[in-house]
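Input: a single structure, listed below in structure tokens.
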Amino acid sequence: MSKNKGGSKTFAALQNVGKTFMLPIALLPVAGLFLGVGASFTGESFIKMYHLEAILGQGTFLNRLLTIFNDCGSVIFNNLGLLFAVSVALGLAKSEKGVAALSALVGYFMMYATMTSAIVNFGELPKLKKIGGLLTDMLGFTNTMNTGVFGGIFIGLICVWLHNKYYRIKFPDAISFFGGTHFSPIAGALAGIFGGFFMAWFWPYIAMGIAGLGTLIGKSGYIGTFFYAYVYRALIPFGLHHVFYLPFWQTAVGGTAHIAGQTVVGAQNIVFAQLGAGTKISWEAARYFAFEFPVMIGGFPAAALAMYHCAKKSKRKDVKGLLLSSSLTSILTGITEPLEFTILFASPFLFWAIHCVLFAFSAVFVSLLKIGVGFTFSGGLLDMILYGVLPGQARTNWIALVPLILFYFALYYFVFKFAITKFNLKTPGREDDEEEATLHTKADYVEEKNTQGGDNTNADGIPAMIVDGLGGKDNISTLEACATRLRVSVKDPEIVKKNLLKSTGAVGTVVHGNGVQVIYGTKVSTIGPEVEDYLGIEG
């Protein structure tokens, strides 16, 4: 029992940290759009390829304008550590979130000031320079430690812990001004100093270990690539995939490269630095991204088509709209959770033993074909055009994705159709005859509450149903809307009503310990605020 409880607490803690990552990650599509458009259209190879010197050549108005876009996108990627520090503090602060964010900002600057000065006064700069990707210039600091997003998360967690513990601290009258929320930035500054000394002494060893892991993954060849892609997808149901993939995207785990005279670490940073420099995109870095395109554009729509063909004829009309809209979302944007959770809740075996394995093999295939297409958020058609087609075939080898997408369409269709019919899986439209394949209405809910003698008949529609499905407002400790799901901490998970939550339009509900995730897909951006407003109205 205690072991399970410990695992639940670990899951809840990781879930809370993971959800804060979505704040800076949400910036990446916009930053990537600026950087991708700016870099692609101003790259010398692109201009020469399409003979656009008169329009986009050096000194033209469009070239100057797009260069500004490029620089605006670059500033986000170059300062992700700072953004992560602030977002972690903002997301995990129990109260006075603005003060917590300021504390993390102060702590981050103090940490880098301490590291830089410690290297000058106590460190051996020539030896440190021999460790690939360890030192960098940033935020006005020269030859400082390149801690990437790890440094931001590290200081952000310390600062928010101090803030939550001491933001109500009281001092004697003579120094009472420094108490309460005024103490949080002070604590953040002190944390930054101690954190800076810690990083100055220990980060070189951590950097060598991270670089070694990246080397091991690289030397593992296709086995390492397969392992990365499988674990990345298998963590999706738990919402912990951000914790896994970020080191590969943003640190030396994902590789180190010298581009335009600069040392760049992290697969995503390498890809975008190469886009900006107008050089060929490294498939070794892009393999952490390109494997999604065949599945998002080909695989998931094919799985949806298989579900449609396997549905009972009397219910195909009911599920057609759901599957079609989810497929289009997957193709265009690479957001797949509505379809993915449909697969998961139909059969965990279908998800982890078939879907995740096929996903992992896609990473092997794009590596074999040496495809150099990256993305900022997810592997949809828009990203493929922006970061594959526009930079040109010579730089990205994007044409190799086309037959692979077609192959994955056929593969997913036949594998899913066979598995669904062979094992009689309850995918949409295959429910028992007495079960309808449609969502319940508010009238159904009100009728049910009247039947049960409840007192919530005047509740505020869907938000009230969601709160009731989570066990009522008294059962909810915290509730936040992520990119595609509601992340909730509840006091008693036993009273969560999954069927009621499903009737509100949820694709699925994951309950692990006291952590609950209710998956709605992209429409959660409107559902989340409505539920929060409802809870606020109800006190």
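Only heavy atoms go into these numbers, but all of them, side chains included; no hydrogens, no water, no symmetry mates.
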With a 4.5 Å heavy-atom cut-off, do Lys97 and His163 have their side chains touching?
no

For Tyr112 and Tyr108, take the angle between the two ring planes, folded into 0 to 90°, and tell me which bin it lands in: parallel under 30, tilted 30 to 60, perpendicular over 60.
tilted

Are Val99 and Tyr167 side-chain neighbours, meaning at least one heavy-atom pair lies under 4.5 Å?
no

Between Tyr288 and Tyr232, is the gap from one ring center to the other below 6.0 Å?
no

Has Phe141 got more than 12 heavy atoms of other residues, nucleotides or ligands less than 6.0 Å from its CZ?
yes

Test side chain to side chain donor-acceptor pair (under 3.5 Å) applied to Thr225 and Arg287, step by step
CA-CA 8 Å; Thr225 302; Arg287 63 179 170 154; 2.7 Å; yes

Working to the nearest 0.5 Å, report the span between CZ of Phe272 and OG of Ser74.
10.0 Å

Between Leu105 and Leu82, is there a side-chain heavy-atom distance shorter than 4.5 Å?
yes

Exercise: do Arg64 and Thr42 side chains pair donor with acceptor under 3.5 Å
no

Can you check whether Leu157 reaches Leu92 side chain to side chain, under 4.5 Å on heavy atoms?
yes

Are Val518 and Ile466 side-chain neighbours, meaning at least one heavy-atom pair lies under 4.5 Å?
no

Among Thr144, Val106, Ile155, Thr116, find the residue that satisfies the side-chain contact (heavy atoms from CB on, under 4.5 Å) test when tested with Met111.
Ile155

Classify the side-chain pair Ser489/Thr478 by whether it contains a donor and acceptor separated by less than 3.5 Å.
yes

What class does the angle between the rings of Trp161 and Tyr166 fall in, given that below 30° is parallel, 30 to 60° is tilted and above 60° is perpendicular?
perpendicular

Tyr230 atom OH: more than 12 heavy-atom contacts under 6.0 Å:
yes

For Ile158 and Ala191, work out which heavy atoms get closest and say how close.
CG2-CB, 3.7 Å

Quick check: are there more than 12 heavy atoms from other residues, nucleotides or ligands sitting under 6.0 Å from CZ of Phe171?
yes

Passing candidate, ring-ring contact (aromatic ring centres under 6.0 Å, His included) with Phe289, options Trp283, Tyr245, Phe248, Trp249:
Trp249

Specify the closest pair of heavy atoms between Thr67 and Asn63, including all atoms of both residues, with the distance to one decimal.
OG1-O, 2.6 Å

Are Phe198 and Trp203 side-chain neighbours, meaning at least one heavy-atom pair lies under 4.5 Å?
no

Is there a side-chain contact between Leu66 and Leu56 in this structure, where contact means two heavy atoms from C-beta onward sitting under 4.5 Å apart?
yes

Aromatic centroids of Tyr228 and Phe244 separated by under 6.0 Å
yes

Ring-plane angle category for Phe293 and Phe375, please: parallel below 30°, perpendicular beyond 60°, tilted otherwise.
perpendicular

